[in-house]
Structures are given as C-alpha cells and as structure tokens.
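The structure under discussion appears below in the form of structure tokens.
Throughout, a chain's letter reflects where its sequence line sits, starting with A, and its residues are numbered from 1. What you see below is based on every heavy atom in this structure, not just the backbone, and it leaves out hydrogens, waters and symmetry mates.
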Amino acid sequence: MKPTKKVLPRPYFNRPTVEVARSLIGKYLVREIDGRVLAGKIVEVEAYVGPEDKACHASKGRTQRTDVMFGPAGVAYVYLIYGMYHCLNVVTEREEFPSAVLIRAIEIDGELTDGPGRLCRALQIDRRLNRADLTTGESIWFEDRGVALKRGDVSAFPRIGVEYAGEWAQKPWRFRLCRITPSTRAGRTKKQGVPD
DNA sequence: TATTTGATTCTT
DNA sequence: AGAATCAAATAT
C-alpha cells in the first residue's frame, strides 16, 4: 500500500505555541526544489508567544515586518537577520495573536544542520517564502512521518540570542530532541515547568 | 534622514 | 572577542 504523505494541516498550528513547538520535534520539514525533495527531521525549535513576550518580534507592535504573525496559523514568517542569515518560523495560534515557532535545527539523512541560518541556507529558504502557506504540501511543508518519541526525549532550555528580553529570556521555550543517556539524565534535574 | 540593533555564523 | 552586512526599528 502506497504511503500517504501526512502534511500537517492548519489546525495543527492553530494551538498554543509552546505545544506546537514541543510537538514539532520529530516531525519533518520538507522542501521541494525543482522536483527534488529534501526532508529533515526537526530536532530543535523555539516558541515566540504573543504580544507580551519581549523576545517575540511582534511585542513591538504590528508592523510591516511582524504583520504576518498576526495572521492565520500555518504560514511562514521568514526574515533576514544580521544582514546575512534567514530564519524560518511557522505562525501559530488564532489570528490577531502574534506568535510563531522558529525552526532551529534539523537532521537530513542523519546529518545535523544546526542553526536557523544554516538550515535556511541548506533548504534554500529566503524572504521570498515569507507569508507562504506551509499547509499545501507544495514547495515547503511539514510532515508527520510517524516518529514515536518517548517521554523525556524532548528537553526544554532557555531561548538563544534574546538576552534583551529580560525575564522573558529565561522562559524554557527552546525544545530539543535529546537522546537520554545516564550522563545527560544526571544533568537534567530541573523540570522547568514545561507541559508534556 | 541618520543611527542603532539584531530569534546568527564564522574567523581571529 | 569581533567582523560580516543590511532591513527594520528607533532616534533626530
């Protein structure tokens, strides 16, 4: 029986951002370029949650740049950072509640592509994909390929590069796929109050 | 209109 | 520790 590709639909993203972020770990980001398909297993993401979150670009208000985050879920927010690197986000939650999940790292054929800038370079993502619908299964989309994660496979950490955000910088809204070993388990003493 | 900044990465 | 490099945000 031919396997069906399970493209994550809009309702998947129209949920609390932290839940979406955590659940995206182990899903696949798929990019089709000139008929060639690249698929990467998502291993690291960050949640940016609404107008109160000082680390979220939209906390400064609705501007031309942040407008997309106020729109429907399942749409791409792609921006240029430090003059050279692009960052890919997927918009989450209801309209008018600006929030998104930043895709930080993926594994392509077992090779780690670590960092939002390098990830976008590998998948040829730039601002032309800003506002692209990520739920159509064309050009770029998310897929559930049935990776089963056990409890404890995903760990939470503070977000990176947001020191300016004060108390919001400490929120454990960065999620990473971790292979739990006795040594790493010993270091994971704090639960950080993140929902399963 | 001018200056500063930044959800990064790479080199020194 | 600092450079690269620029669009968007902020100050003027």
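A salt bridge links Arg128(A) and Asp126(A); the closest N-O separation between the charged side-chain nitrogens and carboxylate oxygens is under 4.0 Å. Taking a cutoff of 4.0 Å between a charged side-chain nitrogen and a carboxylate oxygen, Glu46(A) and Lys171(A) do not qualify as a salt bridge.
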Could you go through nucleotides 8-12 of chain C and list every protein N or O atom that sits under 3.5 Å from one of its N or O atoms, giving the distance for each pair?
unit_1	atom_1	unit_2	atom_2	d
dA9(C)	OP1	Thr63(A)	OG1	2.4

Tabulate atom names and distances for all N/O pairs under 3.5 angstrom spanning the protein and nucleotides 9-12 of chain B.
unit_1	atom_1	unit_2	atom_2	d
dT9(B)	OP1	Gly115(A)	O	3.2
dT9(B)	OP1	Pro116(A)	N	3.0
dT9(B)	OP1	Gly117(A)	N	2.8
dT9(B)	OP1	Arg118(A)	N	3.3
dT9(B)	O4'	Tyr85(A)	OH	3.3
dC10(B)	OP1	Arg121(A)	NH2	3.1
dC10(B)	OP2	Arg118(A)	NH1	2.1

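For the pair Tyr82(A) OH and dT4(B) P, the computed distance is 17 Å after rounding to whole Å. Atom NE2 of His57(A) is separated from atom C1' of dA7(C) by 12 Å (rounded to the nearest Å). The distance from atom OH of Tyr77(A) to atom P of dA7(B) is 8 Å, rounded to the nearest whole Å. dG6(B) atom C1' lies 15 Å from atom CD1 of Ile160(A), rounded to whole Å.
Residues satisfying the side-chain hydrogen bond (donor to acceptor under 3.5 Å, both in side chains) criterion with Asp133(A), sequence neighbours excluded, are Arg10(A), Thr135(A).
In terms of polar N and O atoms assigned as donor or acceptor, the side chain of Tyr79(A) never comes within less than 3.5 Å of the base of dA7(C) in a complementary pairing.
Taken together, the paired segments of DNA chain B that extend over three or more consecutive Watson-Crick or G-U pairs, each closer than 3.5 Å at both contacts, are B:1-6 with C:6-11, B:8-11 with C:1-4.
Legend: ring-ring contact (aromatic ring centres under 6.0 Å, His included) pairs involving residues 101-144 of chain A, not counting sequence neighbours, sorted by first then second residue: Phe13(A)-Phe142(A). Within the structure, no pair that satisfies the ring-ring contact (aromatic ring centres under 6.0 Å, His included) test touches residues 14-53 of chain A, not counting sequence neighbours.
Note that Arg176(A) lies outside the cation-pi zone of Phe157(A), set by a 6.0 Å cut-off to the ring centre and a 45° limit from the axis.
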